[in-house]
Colleague: 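Attaching a single structure in structure tokens format; questions to follow.
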2 protein chains.
Amino acid sequence: MIYILTSLRFDVSIPDSFLYDVSTEIDKTMKIFQLSRALSIFRVNNVYIYHDKLLNANKNDLQFMVTILEYLDTPQYLRRKLYPKLEILKNVGKLHPIRSHHHKDRLEIREVKTGEIRVGVVEKRRDAYFVDVGLSIPIQYDGKFRHDGRKVNVKLLRHKNYISAIDIEKNEITELYWGYNLHQIRDLKNIIDKFPISNIILTSKHSKYFKPSENEFSKLNSFLGNNSILVVFGSPKFGLNSILSKEKMNISKYYSYNFFPNQGTQTVRLEESIYGVLSILNICLLFP
Amino acid sequence: MIYILTSLRFDVSIPDSFLYDVSTEIDKTMKIFQLSRALSIFRVNNVYIYHDKLLNANKNDLQFMVTILEYLDTPQYLRRKLYPKLEILKNVGKLHPIRSHHHKDRLEIREVKTGEIRVGVVEKRRDAYFVDVGLSIPIQYDGKFRHDGRKVNVKLLRHKNYISAIDIEKNEITELYWGYNLHQIRDLKNIIDKFPISNIILTSKHSKYFKPSENEFSKLNSFLGNNSILVVFGSPKFGLNSILSKEKMNISKYYSYNFFPNQGTQTVRLEESIYGVLSILNICLLFP
């Protein structure tokens with residue numbers, strides 16, 4: 001059981017036209033916030049933002065989305081330092097917190113225990129490197145990413161008279177979730193080709209309904225192993241069938257489903273679709 | 001198949017403290033919008049807003065929520081007439097449309113076919129009653145709800161020289177969904193007692209995980225018949241276990257589940273929970 005629980009990992013691929021159907025900065029910020037919440041609640045590790053060749057979205061929108069997504073994934077104690085008064089962030093102050101597991105509270109020096117893992121940012125002071133991990137003072141950094149302003153995951157070590165921080169290996173993180181990584185890619189094909197077909201789930205209004213109890217689905221699930229499931233979404237305007245055919249790919253080669261049988265509205269918005277599909281897959285893949 | 005598809009109907013019960021954790025009017029409006037979208041996408045018929053005795057929410061918040069929910073369920077062509085310049089609606093203009101099946105477009109007189117069913121509002125002119133159904137002129141109303149301003153569902157009849165409207169029976173609506181009805185109730189107990197236990201699903205972080213493939217669940221499902229499933233939610237602050245125990249009810253008597261296994265964030269917000277739970281139940285109850 002525990003094995004199944006912890007080995008289910010999601011990656012998500014969304015178009016750079018994500019913001020196509022919203023115009024004001026407040027609306028865009030809200031839509032990105034809903035996305036960030038969905039990614040965080042369902043433990044999405046990698047977000048592949050593919051270039052949507054049908055809509056050719058505004059590059060500023062992409063920058064806006066990436067910046068706010070990264071901001072929201074950053075622990076509160078580092079936000080002001082990493083994002084000093086950025087104009088596009090003027091509406092994020094009003095957002096509710098994400099509260100992922102790596103968004104830890106500020107800590108007193110005396111509370112630090114050896115082995116505590118935290119997100120920090122590297123700072124050069126004279127010739128020495130320190131890391132800000134949300135303590136009242138910067139901590140001596142003994143890791144290898146010696147670039148001022150670099151975001152790192154570190155493990156704290158308590159010595160007699162001081163505390164130091166070293167780099168961690170990825171598998172040292174034992175929390176259920178440690179935030180998402182963003183990747184911008186030119187062709188959706190590139191990322192789809194990197195996953196075994198059995199680990200890819202496409203979402204499309206024009207595909208058959210997803211049925212948790214179906215054989216096909218347990219086959220899909222049996223391939224899970226220790227790999228991630230890549231869940232791919234279309235744009236606010238065009239479905240994946242159109243987007244894939246523009247990339248000269250055939251949607252029928254893949255597992256593709258409609259997750260909203262009998263929808264009571266004419267459309268399900270992209271941010272709603274991402275949230276709903278991940279809700280369903282999280283339950284159905286954890287408890288097949 | 002068709003039988004199963006059309007006979008799955010949801011009712012939802014939420015607390016009058018729904019807006020407890022948001023303070024600005026924009027935030028409140030956004031949260032209600034998300035709720036209205038979830039209710040509409042998943043074809044919720046009845047929304048029972050119960051009084052949460054633990055939080056004792058502000059009465060203005062309840063009025064705010066009810067008004068905006070009703071506004072959003074109203075077809076566009078009637079909104080300005082039914083809600084003339086209401087102060088609390090000042091932010092709804094920015095919201096995306098709901099686009100339920102009963103939110104029909106305006107229609108030209110020549111396009112009207114006998115049998116077309118539309119939402120209208122009754123208007124008295126001198127001694128005759130008319131109904132505004134989004135045509136360029138009011139239509140002669142031959143139904144029995146003769147109160148100025150009353151919202152009605154009517155069927156249009158095309159005669160030689162004019163069009164008239166008559167009341168419909170509820171089972172004449174063949175669309176998949178025709179909007180939600182709001183009900184305010186004092187005690188959660190009252191509404192729970194009106195449903196057979198097999199048609200009630202409680203949601204609680206402290207309950208066991210919902211597992212689509214489990215026996216218990218198919219038992220639940222077999223009772224569905226032609227009745228609605230009542231899905232009950234706790235408040236932004238307290239879970240259903242606390243709320244029910246205040247009502248001297250025992251949560252263990254009911255089917256109660258946690259729908260968010262391994263959540264990557266410390267909390268799932270109420271509007272997110274409603275959306276996610278209905279996504280899951282819609283798929284799992286349609287395709288058991």
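These figures come from a predicted structure and were not determined experimentally. When reading the values below, keep in mind they use all heavy atoms of this one structure, side chains included, and skip hydrogens, waters and symmetry mates.
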Colleague: I'd like to know which of A:Gln34, A:His103, A:His96, A:Glu175 tops the heavy-atom pair count under 4.5 Å against chain B.
Modeller: A:His96

Colleague: At a 4.5 Å cut-off on heavy atoms, which part of A:Glu272 comes close to chain B: side chain, backbone, both, or neither?
Modeller: both

Colleague: Looking at A:Ile280, A:Val44, A:Leu278, which makes the most heavy-atom pairs under 4.5 Å with chain B?
Modeller: A:Ile280

Colleague: Should the pair A:Asp27-B:Lys94 be classified as a salt bridge under the 4.0 Å nitrogen-to-oxygen rule?
Modeller: no

Colleague: Highest number of heavy-atom pairs under 4.5 Å with chain B: which of A:Gln263, A:Met30, A:Arg37?
Modeller: A:Arg37

Colleague: If every non-hydrogen atom of A:Pro261 is compared with every non-hydrogen atom of B:Asn282, which pair is closest and at what distance?
Modeller: O-ND2, 3.1 Å

Colleague: Taking B:Asp52 first and then B:Lys237, would you say they form a salt bridge - that is, a charged N and a carboxylate O separated by under 4.0 Å?
Modeller: no

Colleague: Under 4.5 Å from any heavy atom of chain B, what part of A:His102 do you find: side chain, backbone, both or neither?
Modeller: neither

Colleague: Looking at the rings of B:Phe210 and A:Phe287, which for Trp means the six-membered one, are their centres under 6.0 Å apart?
Modeller: no

Colleague: Take the angle between the ring planes of B:Tyr257 and B:Phe259 and call it parallel below 30°, perpendicular above 60°, tilted in between.
Modeller: perpendicular

